[in-house]
Amino acid sequence: QVQLVESGGGLVQAGGSLRLSCAASGAQYSRYGTAWFRQAPGKERDFVAAISRSGSDLDYAESVKGRFTISRDSDKKTVYLQMNNLKPEDTAVYSCAARQTILTVPTTRDYSAYNYWGRGTQVTVSS
């Protein structure tokens, strides 16, 4: 069992930056791949970024590529999402999700593959 708690959301002006954190509790978090998803009001949940359990495989949605960076600190059991050059269309609730995999399994954008979810953190970007 893994519990995930997001933090770092807030209100920022367009062009600004935020760093989201996804802190995990529970044993053997190093065996879990992690992803960030976001959902804006009235819209479907969208994939944002993912990192494999080894940290060697990364994936980004086209809309955030070059602006967002996902990373993990296994000692701290935390995955980060550094968001730069934020745009109003990035406004959403951001949630992290985790799934246990073997070492060689790459990331996936399929939200149904993730077993554990945090409650989310609100990111609001003003124009």
Side-chain angles (χ1 to χ4, degrees):
Q1 279 273 347
V2 171
Q3 292 80 43
L4 305 174
V5 178
E6 303 94 337
S7 62
L11 173 64
V12 64
Q13 289 188 331
S17 298
L18 285 174
R19 187 176 80 158
L20 304 184
S21 298
C22 173
S25 60
Q28 299 178 328
Y29 179 64
S30 60
R31 295 185 177 183
Y32 290 76
T34 305
W36 287 94
F37 292 83
R38 67 186 182 186
Q39 188 166 20
K43 295 188 177 181
E44 294 185 351
R45 177 168 40 194
D46 289 333
F47 167 78
V48 177
I51 186 167
S52 61
R53 61 173 271 188
S54 67
S56 62
D57 186 40
L58 308 177
D59 188 23
Y60 296 93
E62 283 300 316
S63 60
V64 307
K65 201 171 289 186
R67 300 188 297 123
F68 291 11
T69 303
I70 190 169
S71 62
R72 67 186 295 153
D73 184 333
S74 294
D75 290 339
K76 294 183 178 179
K77 297 183 179 180
T78 301
V79 169
Y80 303 98
L81 185 68
Q82 178 66 44
M83 306 187 296
N84 298 329
N85 190 21
L86 283 160
K87 304 175 180 181
E89 52 263 43
D90 294 319
T91 295
V93 174
Y94 285 70
S95 300
C96 63
R99 66 175 187 142
Q100 187 171 357
T101 71
I102 59 175
L103 186 60
T104 56
V105 170
T107 60
T108 179
R109 299 184 175 195
D110 181 3
Y111 72 87
S112 67
Y114 294 89
N115 310 103
Y116 304 99
W117 291 80
R119 292 189 174 184
T121 185
Q122 176 70 46
V123 171
T124 303
V125 184
S126 63
S127 57

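Basis for what follows: all heavy atoms, side chains included, without hydrogens, waters or symmetry-related copies. Bear in mind the structure is a predicted one, so any value in this text is a computation, not a measurement.
With Ser56 contributing its side chain and Ser54 its backbone, the two residues share no donor-acceptor pair below 3.5 Å. Distance alone, capped at 3.5 Å, places no donor-acceptor pair between the Glu6 side chain and the Leu20 backbone. Judged purely by atom type and a 3.5 angstrom limit, Arg72 uses its side chain to pair as donor or acceptor with the backbone of Ser52. Here the side chain of Ser21 pairs no donor or acceptor atom with the backbone of Ala23 at under 3.5 angstrom. Remark: the backbone N or O of Tyr60 is paired with a side-chain donor or acceptor of Arg109 at under 3.5 angstrom. Between the side chain of Gln82 and the main chain of Arg19, no donor-acceptor pair closer than 3.5 Å is present. With Lys87 contributing its side chain and Val125 its backbone, the two residues share no donor-acceptor pair below 3.5 Å.
The aromatic rings of Phe37 and Tyr114 sit perpendicular to each other, their planes meeting at more than 60°, with 30° as the lower class boundary.
Remark: of the listed residues Ser127, Ser126, Pro88, Ser126 is the sole one forming a side-chain contact (heavy atoms from CB on, under 4.5 Å) with Gln13. The side-chain contact (heavy atoms from CB on, under 4.5 Å) test with Tyr29 is passed by exactly one of Gln100, Lys77, Arg53: Lys77.
The 12-atom threshold is not exceeded at OH of Tyr111, counting heavy atoms of other residues, nucleotides or ligands nearer than 6.0 Å. Around CZ of Arg45, the count of heavy atoms belonging to other residues, nucleotides or ligands within 6.0 Å exceeds 12.
Taking CG of Leu18 as the start and CG of Asn84 as the end, the distance is 9.5 Å to the nearest 0.5 Å.
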